[in-house]
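Only one structure is covered here, and it is reproduced in the block below.
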Amino acid sequence: MPALRSARRTDAAAVAALHIASWRATYRGQLPDAFLDYQSLAERTAEWEARFGVPETHLLLVEDSETLLGFAAFGPSRDADADPRVVWQLYNLHVLPERRGGGLGLPLFQAAADQGAREGRERLTLWVVEQNWPARRFYQRQGMHPDGATQLHQLGPDVGLREVRYVRTLEA
C-alpha cells in the first residue's frame with residue numbers, strides 16, 4: 001500500500017530521476033527531443049538538493065516498498081503578484097508515468113492543500129502547462145480553475161512552455 005512521507009536530502013536523486021521521467025513522458029512532442037533526452041540526472045539532483053536548503057519548501061513523497069511513485073513540492077507563493085502570507089503554491093506534482101491515473105496524485109495534492117490551510121493560507125495556486133490537458137483536468141476535479149494569469153516558463157534558449165495559473169480557496 002503506498003505511503004506518504006516527508007522527503008530527506010538523500011531522496012534528491014530519486015526525486016530528480018522521477019522528475020526527468022515525468023517530463024520526458026509528458027512533454028515529448030511539445031519540447032525538442034534533444035532537450036528532453038539531454039536532461040542530466042546530476043544537474044537535476046543538484047537542483048533538488050538545493051531546494052532542501054529552503055526551509056519553507058515542503059517535499060512530500062508517495063512510495064511503495066521503498067520505490068518512489070510520486071512527489072509534491074509546495075510552500076508559500078513565489079509569484080510576484082501574490083502575498084505569500086495569504087497564498088500557498090503547489091510548485092510540483094509528479095507521478096511515475098506508468099502509475100498515472102492510479103490515484104497517487106490525489107493524496108499528494110490534498111496533503112499540499114491541507115498544509116497550506118494549517119499554515120493559515122487562504123488560497124492555493126499552481127502553474128500548469130497550457131497543453132497538459134490530463135493535469136489540467138486533474139486540477140479542475142480538485143476544485144481549481146484558471147485565474148487568467150499566464151506565463152512562459154523559459155527552459156533554455158528557444159525552449160519554453162506556456163503555463164496557466166490555477167487557483168482555489170483553501171478551507172481552514
Side-chain angles (χ1 to χ4, degrees), residues 2-23 26-27 39-96 99 103-129 132 135 138-139 142-147 149-156 160-161 163-172:
L4 294 177
R5 72 168 174 85
S6 293
R8 298 179 292 270
R9 184 176 290 276
T10 55
D11 295 311
V15 169
L18 191 152
H19 199 181
I20 290 169
S22 178
W23 270 64
T26 303
Y27 301 117
Q39 295 293 299
S40 164
L41 180 58
E43 289 174 14
R44 190 65 64 100
T45 298
E47 291 170 12
W48 279 104
E49 286 174 342
R51 290 175 82 173
F52 280 100
V54 180
E56 60 271 1
T57 296
H58 302 267
L59 182 58
L60 194 61
L61 310 179
V62 62
E63 58 188 10
D64 189 9
S65 303
E66 310 270 333
T67 300
L68 180 60
L69 304 173
F71 70 90
F74 46 93
S77 177
R78 299 176 183 160
D79 293 340
D81 65 344
D83 182 346
R85 296 168 298 182
V86 175
V87 182
W88 197 245
Q89 188 171 3
L90 179 60
Y91 309 134
N92 303 87
L93 194 156
H94 293 275
V95 172
L96 278 175
R99 296 295 299 264
L104 295 171
L106 184 57
L108 290 167
F109 177 88
Q110 196 57 54
D114 291 348
Q115 183 68 35
R118 277 193 300 277
E119 294 199 18
R121 300 327 196 274
E122 298 172 10
R123 287 186 312 281
L124 173 67
T125 64
L126 60 87
W127 290 95
V128 61
V129 173
N132 188 347
F138 170 80
Y139 294 128
Q142 310 323 311
M144 301 202 73
H145 62 274
D147 72 355
T150 62
Q151 69 180 9
L152 179 64
H153 183 157
Q154 198 68 42
L155 302 163
L161 292 167
E163 295 178 321
V164 177
R165 186 167 59 191
Y166 274 59
V167 65
R168 90 165 207 202
T169 300
L170 289 175
E171 303 297 324

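All values reported here derive from a predicted model rather than from experimental measurement.
- Applying the salt bridge (charged side-chain N to carboxylate O under 4.0 Å, His left out) test to Glu119 and every residue at least two apart in sequence or in another chain returns Arg121.
- Applying the side chain to side chain contact (heavy atoms under 4.5 Å, CB included) test to Pro146 and every residue at least two apart in sequence or in another chain returns Arg136, Val164, Tyr166.
- By the side-chain hydrogen bond (donor to acceptor under 3.5 Å, both in side chains) test, Gln142 is found to be paired with no residue, residues two or more places apart in sequence or in another chain being considered.
- In terms of heavy-atom proximity, Ser77 sits nearest to Thr125 at OG-OG1, 4.5 Å.
- At least one donor-acceptor pair under 3.5 Å links the side chain of Asp83 to the backbone N or O of Arg85.
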_As a quick check of understanding, evaluate side chain to side chain contact (heavy atoms under 4.5 Å, CB included) for Asn132 and Tyr27, giving each step before the final call._
CA-CA 8 Å; Asn132 188 347; Tyr27 301 117; 3.5 Å; yes

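- Partners of Thr67 according to the side chain to side chain contact (heavy atoms under 4.5 Å, CB included) rule, which considers only residues two or more places apart in sequence or in another chain, are Leu69.
- No option in Tyr139, Phe74, Phe71 other than Tyr139 meets the side-chain contact (heavy atoms from CB on, under 4.5 Å) test with Leu93.
- The shortest heavy-atom contact between Ala13 and Leu41 is O-CD1, 3.8 Å.
- For Thr57, the side chain to side chain contact (heavy atoms under 4.5 Å, CB included) partners two or more places apart in sequence, or in a different chain, are Val54, Arg78, Tyr91.
- In this structure, Ala111 and Leu4 approach most closely via the heavy-atom pair CB-CD1, 4.4 Å.
- In this structure the side chain of Val167 reaches within 4.5 angstrom of the side chain of His145, judged on heavy atoms.
- Checked against side-chain hydrogen bond (donor to acceptor under 3.5 Å, both in side chains), Arg123 has no partners two or more places apart in sequence or in another chain.
- A pairwise comparison of heavy atoms in Ala113 and Leu124 identifies CB-CD2, 4.1 Å as the closest pair.
- The minimum heavy-atom distance between Phe52 and Arg8, with the atom names listed, is CZ-O, 3.1 Å.
- Under the rule for a side-chain hydrogen bond (donor to acceptor under 3.5 Å, both in side chains), Arg99 has no partner lying at least two apart in sequence or in another chain.
- Scanning for side chain to side chain contact (heavy atoms under 4.5 Å, CB included) contacts around Asp114 gives Gln110, Arg118, with sequence neighbours left out.
- With sequence neighbours left out, the salt bridge (charged side-chain N to carboxylate O under 4.0 Å, His left out) criterion links Arg5 to Asp11, Glu63.
- Phe109 and Phe138 have perpendicular rings, their planes meeting at more than 60° on a 0 to 90° scale where under 30° would count as parallel.
- Note that the CG atom of Leu96 and the CG atom of Asp64 stand 11.0 Å from one another [nearest 0.5 Å].
- Summarising the geometry of Leu108 relative to Leu60, their closest heavy-atom pair is CD2-O, 3.7 Å, with the distance given to 0.1 Å.
- Under the salt bridge (charged side-chain N to carboxylate O under 4.0 Å, His left out) criterion, no residue pair touches residues 48-59, with sequence neighbours excluded.
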Between side-chain atoms of residues 15-23 and protein atoms elsewhere (two or more places apart, or another chain), which donor-acceptor pairs fall under 3.5 Å?
unit_1 : atom_1 : unit_2 : atom_2 : d
His19  : ND1    : Arg44  : NH1    : 3.0
His19  : ND1    : Trp48  : NE1    : 3.1
His19  : NE2    : Trp23  : NE1    : 3.1
His19  : NE2    : Arg44  : NH1    : 3.4
His19  : NE2    : His94  : NE2    : 3.4
Ser22  : OG     : His94  : ND1    : 2.7
Ser22  : OG     : Arg100 : NH2    : 2.7

